[in-house]
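Working notes, beginning with the structure itself.
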Number of protein chains: 2
Amino acid sequence: MFSKACEYGIKASIFIALNSYQEKRVSLKAIAKEIASPEAFTAKILQDLARHNIINSVKGAHGGFEINKKQISEIKLEQIVKAIDGDKIYNGCGLGLHTCDENHPCPVHDKFKDIRNDLKIMLETTNLEELALDIKAGASFLKI
Amino acid sequence: MFSKACEYGIKASIFIALNSYQEKRVSLKAIAKEIASPEAFTAKILQDLARHNIINSVKGAHGGFEINKKQISEIKLEQIVKAIDGDKIYNGCGLGLHTCDENHPCPVHDKFKDIRNDLKIMLETTNLEELALDIKAGASFLKI
DNA sequence: TTTATTTCGGATATTTTTATCCTATTTATA
DNA sequence: TATAAATAGGATAAAAATATCCGAAATAAA
Ligand code: FES
Ligand code: FES
């Protein structure tokens, strides 16, 4: 469904958000450990998220990653997915036709579009805050 | 969502079904042309589907691929997807945890499982016959 | 100002997916 | 029986995704 890069990006963002509530900046190393992801690969993804202004990176000693506390509840999964995987999950045809077009539908178009739309709505309405709170409450997990 | 192999497998199966209704066996070449897929790669996928008894292959002159007419309405998309992509689409965690487990959910589990279940139901209830009929009626397309 | 820490970013490596090539095998028919 | 037409399947190649390495740049603190 999502690429590995996107999975890491989502999990990392949640962990960063969680720490940002406590004014704590987290290092790449801490993130990779917490979400069980390869460090260098995760670094690339974090750079990408920083370039998209989803997270903030601070270089140098005592540097790391953080998210503006006030923005956490405004950041939707959709932004992360679009930043990393692009919007093919929204516009792509389920059977790989060049474009998903109501006027030139593939055989599964009608059945597929509803599911894809539900996914779209889910991504557009889910924000980082709620996900971080679940982790904090021990109601969900970032690894294993 | 689906792998390229799976997309080709679904489209090929629909085209084979369509022809099998008219007692026509279709060649690899004809299939690849009709669904705009690479011939040799498509051959591998068809072999896979044949091994899974979803389609039937006939070697030699006047050979090709066909589906037992009476089975066309019984073949569900689910069988094709499972044969090619396996069942990770059913059991896999949306964020890549080892297993999707209600008791050890990832942050998006609750929101994800409903969408995944809708997809599952769609695949389990959609059969080749209805898809082939749409193609025949010009209501859907296999390429471009 | 030096040092330790940490992200940045380019280059490279590995793995997986997608695609191609070639020979063997099977089968209908001339 | 010889030939042509097809699929089967192993080997290989190309492309994309995933992962690693390393030096450069930035920054805090000694
Ligand atoms: S055309 Fe294939 S999903 Fe819309
Ligand atoms: S645990 Fe991640 S989708 Fe169920």
Side-chain angles (χ1 to χ4, degrees), chain A residues 1-13 15-16 19 24-67 81 83-86 88-89 92 95-96, chain B residues 1-13 15-16 19-20 24-33 35-67 81 83-86 88-89 92 95-96:
Chain A
M1 187 80 84
F2 304 121
S3 67
K4 278 281 162 200
C6 196
E7 291 177 4
Y8 297 151
I10 292 172
K11 290 191 278 193
S13 297
F15 182 61
I16 296 168
N19 281 275
K24 276 195 277 183
R25 211 175 265 166
V26 279
S27 70
L28 167 63
K29 186 171 290 195
I31 294 168
K33 187 175 182 188
E34 188 68 19
I35 71 175
S37 67
E39 212 172 297
F41 188 47
T42 305
K44 303 293 187 196
I45 298 159
L46 294 175
Q47 282 167 38
D48 207 7
L49 292 176
R51 273 190 292 269
H52 279 85
N53 297 310
I54 293 169
I55 65 178
N56 186 243
S57 74
V58 179
K59 278 179 155 187
H62 297 147
F65 298 88
E66 64 193 8
I67 302 178
V81 172
I84 300 172
D85 281 352
K88 62 179 184 297
I89 206 166
L95 292 186
Chain B
M1 187 79 82
F2 304 121
S3 67
K4 277 283 162 200
C6 195
E7 291 176 3
Y8 297 150
I10 292 172
K11 290 191 278 193
S13 298
F15 183 62
I16 296 167
N19 282 274
S20 292
K24 277 195 277 182
R25 211 175 263 164
V26 279
S27 70
L28 167 63
K29 187 171 290 194
I31 294 168
K33 187 175 182 189
I35 71 175
S37 66
E39 212 173 296
F41 187 47
T42 306
K44 303 294 187 195
I45 299 159
L46 294 176
Q47 283 168 38
D48 208 7
L49 292 176
R51 273 190 292 268
H52 280 85
N53 297 116
I54 293 169
I55 64 178
N56 186 243
S57 75
V58 180
K59 278 179 154 187
H62 296 146
F65 298 88
E66 63 193 9
I67 302 177
V81 172
I84 300 173
D85 281 353
K88 62 179 184 298
I89 206 165
L95 292 186

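Chain identifiers are assigned alphabetically (A, B, ...) following the order of the sequence lines, protein sequences preceding nucleic acid strands; residue numbering begins at 1 within each chain. Please read these numbers as outputs of a predicted model, since none were measured by experiment.
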Validation: residues 48-64 of chain B side-chain donor-acceptor distances under 3.5 Å, sequence neighbours left out:
| unit_1 | atom_1 | unit_2 | atom_2 | d |
| --- | --- | --- | --- | --- |
| B:H52 | ND1 | B:D48 | O | 3.0 |

Practice item. Measure the spacing between SG of A:C6 and CG of B:L95 and express it to the nearest 0.5 Å. Key: 8.5 Å
Set out, line by line, the N/O atom pairs under 3.5 Å between protein and nucleotides 12-18 of chain C.
| unit_1 | atom_1 | unit_2 | atom_2 | d |
| --- | --- | --- | --- | --- |
| C:dT18 | OP1 | B:K4 | N | 3.1 |

Point to revise | B:K4: partners by salt bridge (Lys or Arg N to Asp or Glu O under 4.0 Å), with sequence neighbours left out | key: B:E7
Check your understanding: For B:E66, what residues pass the salt bridge (Lys or Arg N to Asp or Glu O under 4.0 Å) criterion, not counting sequence neighbours?
Key -> B:R25
**Study point:** Integer-rounded Å distance: C:dT6 P and A:K24 NZ
**Key:** 15 Å
Revision key, fill the gap. Hits for side chain to side chain contact (heavy atoms under 4.5 Å, CB included) against B:S27, two or more places apart or cross-chain, chain-then-number order -> B:K29, B:A30
Review point. Does the side chain of A:S57 get closer than 4.0 angstrom to OP1 or OP2 of C:dC8 through an N or O atom?
Key: yes
**Study point:** Whole-Å gap separating C1' (D:dA6) and CG (B:L46)
**Key:** 13 Å
Could you go through nucleotides 11-13 of chain D and list every protein N or O atom that sits under 3.5 Å from one of its N or O atoms, giving the distance for each pair?
none

Review point. For D:dG9, does OP1 or OP2 lie under 4.0 Å from any side-chain N or O of B:R51?
Key: yes
Study note, to complete from the structure: Applying side chain to side chain contact (heavy atoms under 4.5 Å, CB included) to A:N19 and not counting sequence neighbours gives A:F15, A:K24, A:V26
Practice item. Output all residues satisfying side chain to side chain contact (heavy atoms under 4.5 Å, CB included) with B:L28, sequence neighbours left out; order by chain, then residue number. Key: B:E39, B:T42, B:A43, B:L46, B:F65
Exercise for review: Return the set of residues passing side chain to side chain contact (heavy atoms under 4.5 Å, CB included) with A:K44 (not counting sequence neighbours), or none when no residue passes.
Suggested key: none
Check your understanding: Which nucleotide sits closest to the side chain of A:F65: D:dT7, C:dT7, D:dG9?
Key -> C:dT7
Point to revise | From OG (A:S13) to CD1 (A:I31), nearest 0.5 Å | key: 8.5 Å
Point to revise | Spatial distance of atom CD1 (A:I45) from atom NZ (A:K11) [nearest 0.5 Å] | key: 10.5 Å
Could you run down the sub-3.5 Å N/O contacts of the protein with nucleotides 28-30 of chain D?
| unit_1 | atom_1 | unit_2 | atom_2 | d |
| --- | --- | --- | --- | --- |
| D:dA28 | O3' | A:H62 | ND1 | 3.1 |

